[in-house]
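Down below is the structure, laid out as structure tokens.
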Amino acid sequence: MANTAKFDRQDVIDKATNLYWEKGFHATSMRNLQDVIDMRPGSIYATFGSKEGLFKETLTRYTELGKTNLKRACEENSSPLKALESFVRRAVVESKQSAPNGMCMLAKTVAELTNEHQELLDEAKKCLVVMEGEFAKLVIEAQQAGEISQDRDAKHLARHVQVQIAGLRTYAKTCDDLELLNTMVEDIFKHHPFK
């Protein structure tokens, strides 16, 4: 029985993640949640404590998905730097067409929330730091493989990647030229600070 509940819970979190990602925290009503995750408000509160509690779990889930996608990029590319570029390309170009919202859910959350929802804001920031740490690990692997100079600061490069992803995903909302977006992703890794 516990396995069924766990599976159902994950399914609910996945559906809620897509809804919150598409609409944002404030624009997602309890009615929206009820319709999408097929749970009554009382059940949502009993399971997650509140709309905020569910949202916090969706931020964690979104981050897990990011880590999974980064791992997949590593499995598909023998080069750590190419894996990072592949991840960025998927995040910017492919998510434009396949994601509930082309923008990064974490960046969107940080932009949307104020200190009125400090706990959720802090969670989104924490998740961004987690992803930045994953990028830093890959940068270090690229340095060990001789793809990036050892004198570059891995944390600095990871932050650079994070900023580029957020910026390009925002720009992609206004740009339908996929070739241009692909070129812009390539440019991140062709120029300073990676060269």
Side-chain angles (χ1 to χ4, degrees), residues 3-76 86-114 116-132 134-135 161-162 164-176 178 181 185:
N3 287 340
T4 303
K6 185 177 179 185
F7 174 78
D8 290 342
R9 182 183 181 92
Q10 192 59 60
D11 185 52
V12 165
I13 292 169
D14 285 344
K15 288 176 180 174
T17 299
N18 285 338
L19 178 63
Y20 277 127
W21 187 3
E22 178 185 0
K23 295 176 72 72
F25 176 75
H26 289 300
T28 301
S29 68
M30 284 302 286
R31 181 65 191 194
N32 296 144
L33 284 168
Q34 182 180 334
D35 292 346
V36 169
I37 65 177
D38 196 26
M39 288 177 78
R40 299 232 177 265
S43 298
I44 294 170
Y45 284 103
T47 306
F48 301 101
S50 62
K51 175 185 169 186
E52 290 82 0
L54 176 55
F55 186 69
K56 192 172 179 181
E57 290 201 37
T58 66
L59 293 174
T60 301
R61 178 62 180 149
Y62 180 84
T63 305
E64 289 170 6
L65 291 170
K67 289 168 67 175
T68 298
N69 289 336
L70 189 58
K71 183 179 178 190
R72 184 179 309 127
C74 290
E75 290 167 354
E76 294 171 354
S86 174
F87 174 86
V88 174
R89 183 178 320 289
R90 283 188 179 136
V92 173
V93 181
E94 291 178 24
S95 75
K96 178 174 175 51
Q97 299 171 313
S98 63
N101 186 305
M103 291 182 68
C104 168
M105 182 179 174
L106 301 175
K108 182 177 178 179
T109 299
V110 169
E112 175 189 9
L113 297 182
T114 64
E116 178 186 349
H117 293 96
Q118 191 64 49
E119 186 179 346
L120 297 178
L121 190 55
D122 290 344
E123 184 66 23
K125 289 177 183 178
K126 184 181 95 179
C127 290
L128 282 166
V129 169
V130 167
M131 286 309 297
E132 196 174 286
E134 294 298 312
F135 298 152
V161 169
Q162 186 90 291
Q164 295 302 312
I165 291 171
L168 283 175
R169 288 182 84 170
T170 302
Y171 180 75
K173 296 275 288 179
T174 66
C175 176
D176 292 325
L178 299 183
L181 293 173
V185 170

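Here the side chains of K71 and E134 are not in contact, with every heavy-atom distance at 4.5 Å or above. In this structure the side chain of Q34 never reaches within 4.5 angstrom of the side chain of M30, judged on heavy atoms.
How far NZ of K23 is from CG of L33: 10.0 Å, rounded to the nearest 0.5 Å. Once rounded to the nearest 0.5 Å, the distance linking OG of S98 with CZ of R90 reads 10.5 Å. Once rounded to the nearest 0.5 Å, the distance linking CG of L59 with CD1 of I13 reads 11.5 Å. Residue N18 holds its CG atom at 9.0 Å from CE of M105, rounded to the nearest 0.5 Å. Note that the OG1 atom of T109 and the NE2 atom of H117 stand 11.5 Å from one another [nearest 0.5 Å]. Atom-to-atom distance recorded for L168:CG and C104:SG is 12.5 Å, nearest 0.5 angstrom.
The backbone N or O of M103 sits less than 3.5 Å from a side-chain atom of W21, completing a donor-acceptor pair. R169 places a side-chain N or O within 3.5 Å of a backbone atom of G102 that can act as its donor or acceptor partner. A donor-acceptor contact shorter than 3.5 Å is absent between the side chain of R89 and the backbone of V185. Side chain of K96 to main chain of L181: no donor-acceptor pair is present (N/O by atom type, distance under 3.5 Å, no hydrogens or angles).
Scanning both residues, I165 and A91, for their nearest heavy atoms gives CG2-CB, 4.3 Å. Annotation for L178 and V93: closest pair CD2-CG1, 4.1 Å, computed over non-hydrogen atoms.
For K15, the side-chain contact (heavy atoms from CB on, under 4.5 Å) partners at least two apart in sequence or on another chain are D11, V36, I37. With sequence neighbours left out, K56 forms a side-chain contact (heavy atoms from CB on, under 4.5 Å) with E119, L120, E123. Qualifying side-chain contact (heavy atoms from CB on, under 4.5 Å) partners for V110, counting only residues two or more places apart in sequence or in other chains: L121, A124, K125, L128. M131 is linked by a side-chain contact (heavy atoms from CB on, under 4.5 Å) to T63, K67, F87, F135, Q162, counting only residues two or more places apart in sequence or in another chain. Partners of K108 by salt bridge (Lys or Arg N to Asp or Glu O under 4.0 Å), not counting sequence neighbours: none found.
Checked for salt-bridge contact, K126 and D122 miss the test: no charged N lies under 4.0 Å from a carboxylate O.
Between the side chains of T17 and D14, no donor-acceptor pair is found at a separation under 3.5 Å.
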Trace of the side chain to side chain contact (heavy atoms under 4.5 Å, CB included) decision for N101 with K173: CA-CA 9 Å; N101 186 305; K173 296 275 288 179; 3.5 Å; yes

From CA spacing to verdict: side chain to side chain contact (heavy atoms under 4.5 Å, CB included), V92, Q164: CA-CA 10 Å; V92 173; Q164 295 302 312; over 6 Å; no

Name every donor-acceptor pair, under 3.5 Å, that has one atom in a side chain of residues 46-54 and the other anywhere in the protein, sequence neighbours excluded.
from, atom 1, to, atom 2, distance (Å)
T47, OG1, S43, O, 2.8
S50, OG, E52, N, 3.3
S50, OG, E52, OE1, 3.4
S50, OG, G53, N, 2.9
K51, NZ, F25, O, 3.1
K51, NZ, T28, O, 2.6

